[in-house]
Every structure is written in C-alpha cells, then in structure tokens.
Amino acid sequence: MTHHTIYLDNAATTPVAPEVVQEMLPYFETDWGNPSSLYELGQRAHSALTDARERIAAHLGARAQDIYFTSCGTESNNWAIKETMFAYREKGRHFITSATEHHATAHSALWLEKRGYEVTYLEVDSDGLVDPEVFRRALRPDTTLASIIYGNNEIGTIQPIRELAAIAHEAGVLFHTDAVQVVGHLPVAIEELGVDFLSASGHKFNAPKGVGLLYIRRGIKTKSFLDGGAQERKRRAGTENVPYIMGMARALDLSIQHLDERREHAVELRDHLIARVLAEVPYSRLNGHPALRLPGNANISFEFGEGESLLLMLEQKGVLASSGSACASGSLDPSHVLLAIGLPHEIAHGSLRMTLGHETSREDIDYTVEAIKEVVARLRTMSPLYEDFLAGRKAVSAVKS
Ligand SMILES: *Cc1c(COP(=O)(O)O)cnc(C)c1O
C-alpha cells in the first residue's frame, strides 16, 4: 500500500510557508543591501528590518526596541543565560532552571557550572510541571537568573510562566523563558507575561531555519553575546539576515491570523490521536500534562516497544515522528525529560513523540493509529521480555482463579 508522507515532527521543524518564501525573495533579488549602509540600497533593507521588528513586537505584546534578532533559538537561550549571569556576577552566581529544558538551556547551565557558577535544577512532577512553591524555596539572595521552558518540546507540558516570573521578581531575580514551542502556536503577550527575556525561533512556525529572536526587557544590563559591529543597538553584532527576518515576520503574521483555528484543529486531532492510541494499544501511556500541553504534541510510551525501531518501522509506512527529541536521537541515553517525569529507563526508551501541524488531517491521524498498532504488535512479538511478561501474567491469573 502506498501512502503520502505524514509529517508528525513539527516540534523538530516546520515547512516554510509559500507566502514566507514570497516575502523573502525581494531581499535576495533587489533589496539585498546591508542595512547599516547609508545609501538608498542599504536603507531599503534597514526599513525592512524596522518594519519586521514592529510587526513582530506588535504580535508579541512587546516594544519594538526590546526585540533583538538572532540566528536561532539556541543562540537566544545561550545569550540570555550566559551573558546575564556574567553581567550580574557581582550580584550572585546562582542560576535556577528546570530538569526538563531543551539542550540549548541545559547545556548552557553545564557551561556555567564548569565556570564556577552554581546551578539548581528544579524537579518536576509526573506531568512535567514545575511547582511554584518549590521554585520559591530555591530562590536565594545570590540568585541572579531563572530560566524555565514555556512549552516543553518533548512532552508538551506548559509551565505557569506568569506565576513563576512574578515569584522571581518578588525575590529580585531576573526571569527568562524559552518560548520556542509556544510563539506562533499560542497567544503570547510578553509584557503581560512579565518575563525579562523570551526566546523564539522562526523555523518552529513556518519561517526558515537559522533565524530567531530574543526579547530583552528595557533597562536590563546584558552584554553582547557576539563581539563586533554596532548592529541591533550594539547588543548583537553581525549583519542582520534581512531576508530571513522578513520571512519570520510574515510567518508570525500568518500564525497570528490563523491562531485560533489552527490551535482548535491541532487540539482536536491531538486528543483524537491520544484517545485512540491509549484505548487501542495495550500498555501505552501518555507523557506530559493531559490538559496543560502544547496543541500539537502527543508523546506516548509503549511498554515492550523500542523507540528507534518504532520510528524506523513507522517511516516504512510513511509516518515521520520522533523518539525523545530530535536533538537527543543518535544517542542511546533515554531522554532527560522522560527520566525527569519519573519514567523508568525501559519505558522511556519506548517513547514516541508525534507533533502535528496545521496540514495534518484526521485521515493522517487514523492512518497513523493503524500503523502504530501494527508496528507495536510486531515489535512485541519479537520481544522476549513481552513473552515473559505475558507468561507471568498468565501464571498469576492462574494462581488467582
Ligand atoms: C527547537 C528548539 C530550540 C532551538 O531552536 P533552534 O532555532 O533550532 O536553535 C530551543 N528550545 C526549544 C524548546 C526548541 O523546541
């Protein structure tokens, strides 16, 4: 049976929207000047940048002057975390984050630890939530910054960012959130949210890979992460990627324009997918919070299933998904996020992340459920552990009766 490809890995990246490609073309073909140049060709690129910054800031409930363009979400997280800890090192060298961060944050925390900073990794509950009271108790006089992911890229759990930021501020601590999975998918009003820093990345909402942004609240002292020219009000050196920034602005226009309908569509299909798999595949469980989760995220573990084999067998049926996170695949260690919510190693290994996009249809989901049922059943017939388990269960029920 042949079938078109079903792309269920939108948390890894999304396709570039055709309107975004159209928006970018003039900045490759005619208005390709350097926005720092004073002649007309450069100034056209400069006005484009200003326009993009204003549109993006308006969509995100922030001032245009507080939006800084970067090369990606990873750069935004590195910048916010490392440079803020360095800039305020006299205040204190303690950093707080959670145990379920993206590697861009988790590895920045390790970088800090290697350089003599102290890091607290907040535990999460079995749904992946940070407890605001646990956060409050972790704050110390020498805490400078906390960074908590907004919507988790693996298990989809959405953290109470507004509440956490308010708690940080009561203690005089700065607050960063990695909102890469949220921007373009849920409404974000940065100033109301009350954070000091917020990271986003274009390729998670139909812009190209290689462009992102960092919001920095006014008045905050943070150094440039890259040394060089005076771009981005002297805070981020490097000639701006005008075409991609224009593409990101257009992608966000589109996301905001269709936000409600796309969110409802994703939530409905996500819940249909989760309900069918949990009902029709024995020994499966949902990871992440059942309700406080990203619209398109379904993360399910299959006992006696093995993530990498699941993925390969699903790909043969035309379904593209992920086990753990794309950044973690290639390593045999189970995902740190799945371990942090308390999954034993062997169950964490049998996990599948499916992230839906606005192109995903109900037929795609029903086809995927059938594919999962077949693939999981096939893997289990090959699993000696599953045989033992079934034999044990029979023995137990035989004793009982
Ligand atoms: C994808 C992602 C990043 C990294 O963004 P890049 O633009 O790919 O560097 C950071 N955080 C989260 C939550 C992500 O999903």
Side-chain angles (χ1 to χ4, degrees), residues 7-16 20 56 67-82 97-111 124 128-130 146-159 161 164 176-186 188 195 197-215 225-226 236 238 241 244-245 247-248 251-252 255 266 287-289 292-299 321-330 335-338 340-341 353-357:
Y7 182 71
L8 296 181
D9 205 10
N10 286 276
T13 197
T14 57
V16 178
V20 169
I56 289 173
I67 301 291
Y68 298 85
F69 294 123
T70 65
S71 68
C72 59
T74 298
E75 181 191 331
S76 301
N77 286 359
N78 273 260
W79 179 12
I81 294 166
K82 295 177 181 175
T97 187
S98 83
T100 59
E101 298 295 314
H102 186 274
H103 281 149
T105 297
H107 292 173
S108 292
L110 285 177
W111 186 96
V124 296
L129 281 174
V130 167
S147 177
I148 307 288
I149 190 169
Y150 198 160
N152 192 277
N153 51 301
E154 291 192 42
I155 58 173
T157 299
I158 296 174
Q159 302 291 356
I161 294 302
L164 297 173
H176 166 253
T177 189
D178 171 351
V180 171
Q181 289 290 337
V182 174
V183 167
H185 301 278
L186 290 170
V188 174
V195 296
F197 304 90
L198 179 142
S199 302
S201 173
H203 76 102
K204 305 296 176 77
F205 56 91
N206 306 109
K209 285 160 265 299
V211 64
L213 64 86
L214 179 65
Y215 160 86
F225 188 48
L226 297 180
R236 199 278 185 180
N241 188 344
Y244 279 32
I245 291 169
M248 181 163 71
L252 195 58
S255 299
N287 298 315
H289 197 285
L292 298 173
R293 72 185 300 129
L294 292 167
N297 176 295
N299 186 314
S322 153
S323 72
S325 77
C327 321
S329 62
S335 137
H336 65 286
V337 176
L338 296 175
I341 60 171
R353 179 186 74 176
M354 290 162 285
T355 44
L356 288 53

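Worth saying up front: this structure is predicted, and the values here are computed from it rather than measured. Note that the numbering runs from 1 along the sequence shown for the chain. For ligands, and for the atoms within them, numbers begin at 1 and follow the listed sequence. All heavy atoms count here, side chains included; hydrogens, waters and symmetry mates do not.
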Do L213 and M248 come close enough that some side-chain heavy atom pair is under 4.5 Å?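 Contact flag for L213/M248 side chains = yes.
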
Has N152 got a side-chain atom pairing as donor or acceptor with T100's backbone, closer than 3.5 angstrom?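 Side chain of N152 to backbone of T100, a donor-acceptor pair under 3.5 Å: yes, one is there.
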
Strictly distance-based, threshold 3.5 Å: is any side-chain N or O of E154 a donor or acceptor partner for the main-chain N or O of L338?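 Here the side-chain-to-backbone pair does not exist.
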
List, pair by pair, the atoms of ligand 1 and of the protein that are both N or O and lie under 3.5 Å apart, giving the separation rounded to 0.1 Å.
{"from": "ligand 1", "atom 1": "7 (O)", "to": "G73", "atom 2": "N", "distance (Å)": "2.9"}
{"from": "ligand 1", "atom 1": "7 (O)", "to": "S201", "atom 2": "OG", "distance (Å)": "2.6"}
{"from": "ligand 1", "atom 1": "7 (O)", "to": "H203", "atom 2": "NE2", "distance (Å)": "3.4"}
{"from": "ligand 1", "atom 1": "8 (O)", "to": "H203", "atom 2": "NE2", "distance (Å)": "2.8"}
{"from": "ligand 1", "atom 1": "9 (O)", "to": "T74", "atom 2": "N", "distance (Å)": "3.0"}
{"from": "ligand 1", "atom 1": "9 (O)", "to": "T74", "atom 2": "OG1", "distance (Å)": "2.6"}
{"from": "ligand 1", "atom 1": "11 (N)", "to": "D178", "atom 2": "OD1", "distance (Å)": "3.3"}
{"from": "ligand 1", "atom 1": "11 (N)", "to": "D178", "atom 2": "OD2", "distance (Å)": "2.7"}
{"from": "ligand 1", "atom 1": "15 (O)", "to": "Q181", "atom 2": "NE2", "distance (Å)": "2.7"}
{"from": "ligand 1", "atom 1": "15 (O)", "to": "K204", "atom 2": "NZ", "distance (Å)": "2.7"}

Looking at N78, T70, L214, which hits side chain to side chain contact (heavy atoms under 4.5 Å, CB included) with F225?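 Exactly one option meets the side chain to side chain contact (heavy atoms under 4.5 Å, CB included) with F225, and it is N78.
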
State the CD1-OG distance between I81 and S199, to the nearest 0.5 angstrom.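 One gets 7.5 Å once the value is rounded to the nearest 0.5 Å.
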
Where at least one partner belongs to residues 69-80, residue pairs that pass salt bridge (Lys or Arg N to Asp or Glu O under 4.0 Å), sequence neighbours excluded: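 Those involving residues 69-80 are E75-R236.
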
